[in-house]
Amino acid sequence: MSETKKADAKKTEPKKAEAKKTPKTGKASKAAPQEAVVTSPAPAPTPAPAAPRSSVRKTYKLYIGGAFPRSESGRSYVVTAPSGEFLANAAQASRKDARDAVRAARSAQAGWAKATAYNRGQILYRIAEMMEERRDQFAQQIASVEGVNVAAGYAQVDAAVDRWVWYAGWSDKLMQVLGSANPVAGPYWNISSPEPTGVVALLAPARPTLLGLTSVLAPAIVGGNAVVVVAPDAAAVPAVTLGEVMATSDLPGGVVNILTGAPAELAPWLASHLDVNALDLAGIEAGSTLARDLEVSAAENLKRVVRPAAGYDWSADPGLARVKPFLETKTVWHPVGI
Amino acid sequence: MANSAAQSTAARGLFEYAPAPESRSVVDLKPSYGLFVDGEFADGSGGTFKSVNPATEEVLAEVAMADAADVDRAVAVARRAYDEVWSRMPGSERAKYIFRIARIIQERARELAVLESLDNGKPIRESRDVDIPLAAAHFFYYAGWADKLGYANLGPDPRPLGVAGQVIPWNFPLLMLAWKVAPALACGNTVVLKPAETTPLTALLFAEICQQADLPPGVVNILTGAGATGAAVVGHPGVDKVAFTGSTEVGRMIAKQVAGTSKKVTLELGGKAANLVFDDAPLEQAIEGIVDGIFFNQGHVCCAGSRLLVQESVAEEVVDRLRERMKTLRVGDPLDKNTDIGAINSAEQLAKIRTLTEAGEAEGATRWSPPCELPERGFFFAPTIFTGVSQAHRIAHEEIFGPVLSVLTFRTPAEAVEKANNTAYGLSAGVWTDKGSRILWLAKQMRAGVVWANTFNRFDPTSPFGGYKESGYGREGGRHGLEAYLDV
């Protein structure tokens, strides 16, 4: 019962946060319908030759601690389609943003780990629901960012949504599949179970944008970790939309933090950050000096590192290959007696 | 309190034991040992070094120092044995060799125990009752897995990795060898193992056991040497898997060394475990657990309960009782069956313990040891506790790896958890309380790979062992321990 109450309480959190944000930023996409409601009772304009309506564009910002801040550095970069067409000015995250994101992740991690597996599973499933609703938007974004046709965009969204659903179902099975009761040679009760490793930094692959982000995010958070993900370059466009999905999926703020910008600039700070427990180098070129250097930095506090794999197939069945590296095994002993 | 002290003094008189030395004659030490490569002993090309009995400082044997050329040869031999023999052999056949090894360890247990105590300095009671039986049990446990890997729930088609390079520490020489070699062989890998510089002898006796078991040549290779030998094994391009147990400092170096390679790595590193005692704990048992937690194996235990966290309301009582109990600990000849605390493994380790305990005093903590006479020769250190320790003191956060306990206090469970987890390490933790729900809550809160509740320092081949945070990664033991040696 109390778990249900907790879950309900959490559900309201992101909404509150967003309500506060709206007047300040004004441009958050969520605000649009509200403004429309306010203006609709106004008298209809006279049928003068109206100028064509200019669209309201979205500002692409970071997603840190459940909020959508600009980069503290004030920097942005132009995202263009492969055709050269302008798509967005994305926030270019800085070292300070990376640190803020790690702090937000650390604050959120214990609460997320404490949520019941059932609750976490429902929230991951909710993410899938919210994505499904934005299917057209994501497909368009993927098509323009990756330079593929819209059908390919839809195929990728569908794969990404299905992947969230797949991982959602894992949340309350991991302990049974990965844990064990151990028959020690003595009068002891002995159980091993998986626990989250803590804060994980993820370097998402450049392509496929949405499926790549999903494929590093979902396995890292399903077991109770909080993450900081770097969406490289043009992946910023679907990444920010994914952040909006997160903000409306009952996911507690800070569990997922999204930085957009240059992985080569951000990754070294995350790899050397002493409050980060693990690192997924998915988006770093396999065999590169950067990949090696990041692993060396990560060794300073013995981060768990998932190395990049050349030619990795993001559409293939991922198994638990990205879940297990971010889980610890805890073994508890207790004497048995009367 | 005065009463119980008087009782204890009387008790000490009562328990004045006559020496009960275990005979050394069961061990047939050779004056010198070569490297074990390709099923045979051969001279190394890096010269020799001496292994010393830390309890007497006598030289036990001269041992070959493997250099880079020796590592090259051993890795090539292990690769050949992997390609041509071991990886092709059905699991059911591999299992029989490993079972055989387990049996021979049991048969030669006495010899192994005495040799372990001679070379390491640990009390014969511990090598006889803990190290050697557990080593045999590890081989027995993993032998059974060799033909059942598909049932381990790790993946549909688990495969061996190839050649495993393994570097082990000096605190449990044969047991750490077993933790490394048994799962590696069961999973179909071949092995190049480097025992610690100060404790190579039981590994060399294990090499003889491999010969007795008719293990195909090259499946297990043992290279004695020092840090440079270990670095050469870890860095060798022909090594597919690196397994290391030792200090966090060296673990970090290894993690950097293998960066950018495809080597699979498991690291079992240092610790600074908290042992939490609540006011409702069964104190009699808790005192035994505290003593076992920090004085077992001279405190040369990565998961030692080196930080005692006692609830303030019982702190005085616990420390008083602990002092009384410590007065009955016998320090001395490792081969004496009455000995509780043997020799510190090396002069170097003794110096490190002294440095840190001196820092403890200099930083303002209060030091206490029971009156005890230490042998004139050899490396010995009296069991020691520090009270009035703050979290900022070096003795509260650096691993001492000796019989030295730091005592801190707490008032609330939340404070206990906060202090217990206030460490870069995360290997183990102890919890003493009679309240079931609190045990389970605390076990959940501890950021540590092993939690002992109302017990401490228990080990079993079926039970996964390994750390969180800077205590390393990967697990040894149990079904989980297989994954370190398989491509799943």
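Since the model is a prediction, treat every value here as computed from it, not as a measurement. Lettering follows sequence order; numbering is per chain, from 1.
Here B:K256 pairs with A:E300 in a salt bridge; the nearest charged N to carboxylate O distance falls below 4.0 Å. In this structure, A:K324 pairs ionically with B:E483, as a charged nitrogen and a carboxylate oxygen lie closer than 4.0 Å.
Contacts of B:S428 with chain A are absent, with no heavy-atom separation under 4.5 Å from either backbone or side chain. Proximity to chain B (any heavy atom under 4.5 Å) is shown, for A:P194, by neither the backbone nor the side chain. In this structure, the portion of B:F459 lying under 4.5 Å from any heavy atom of chain A is its backbone and not its side chain. Looking at B:A137, neither its backbone nor its side chain comes within 4.5 Å of chain A, counting heavy atoms on both sides. Proximity to chain B (any heavy atom under 4.5 Å) is shown, for A:V305, by neither the backbone nor the side chain. Interface residue A:T329: backbone and side-chain heavy atoms are both found under 4.5 Å from chain B. Contact annotation for B:V431: neither backbone nor side-chain heavy atoms come within less than 4.5 Å of a heavy atom of chain A. If you measure heavy-atom distances from A:A291 to chain B, you find no contacts under 4.5 Å at all. Only the side chain of A:N190 comes within contact range of chain B, with at least one heavy atom under 4.5 Å from a heavy atom of that chain. Looking at B:L154, both its backbone and its side chain come within 4.5 Å of chain A, counting heavy atoms on both sides.
Taking the side chain as every heavy atom from C-beta outward, A:W333 and B:D460 approach each other to under 4.5 Å. Side-chain contact check for B:V450 versus A:K330: every heavy-atom pair is 4.5 Å or farther apart. Side-chain contact between A:K303 and B:Y473 is absent, with no heavy-atom pair separated by less than 4.5 Å.
Side-chain atoms of A:E295 come within 3.5 Å of backbone N or O of B:G260 as a donor-acceptor pair. Within the 3.5 Å criterion, the main-chain N or O of B:A259 finds no donor-acceptor partner in the side chain of A:R307. For the pair B:R447 (side chain) and A:T197 (backbone), a donor-acceptor distance under 3.5 Å is present.
For residues 309-319 of chain A, a heavy-atom distance under 4.5 Å to chain B picks out no residue at all. Of all residues spanning residues 103-110 of chain A, none has a heavy atom less than 4.5 Å away from chain B's heavy atoms.
Atom NE2 of A:H334 is separated from atom CG of B:N454 by 4.0 Å, given to the nearest 0.5 angstrom. Interatomic distance, B:R252 CZ to A:L302 CG, rounded to the nearest 0.5 Å: 6.0 Å. One distance of note links NE2 of B:H480 with OG of A:S192; it measures 5.5 Å at 0.5 Å rounding. Note that the OG1 atom of A:T331 and the CZ atom of B:R475 stand 7.0 Å from one another [nearest 0.5 Å].
Heavy-atom pairs under 4.5 Å with chain A were tallied for B:V488, B:L269, B:T248, B:T261; the largest tally goes to B:T261. Put simply, of B:G426, B:G466, B:G472, B:A429, the one with the most heavy-atom pairs under 4.5 Å next to chain A is B:G472. No other option in B:Q257, B:K263, B:M253 has as many heavy-atom pairs under 4.5 Å with chain A as B:K263. The residue among A:V332, A:D293, A:V184 with the most heavy atom pairs within less than 4.5 Å of chain B is A:V184.
The minimum heavy-atom distance linking B:R479 with A:L178 is given by the pair NH2-O, 3.2 Å. Contact record, B:A453 with A:P335: O-CD, 3.1 Å, taken as the closest heavy-atom pair.
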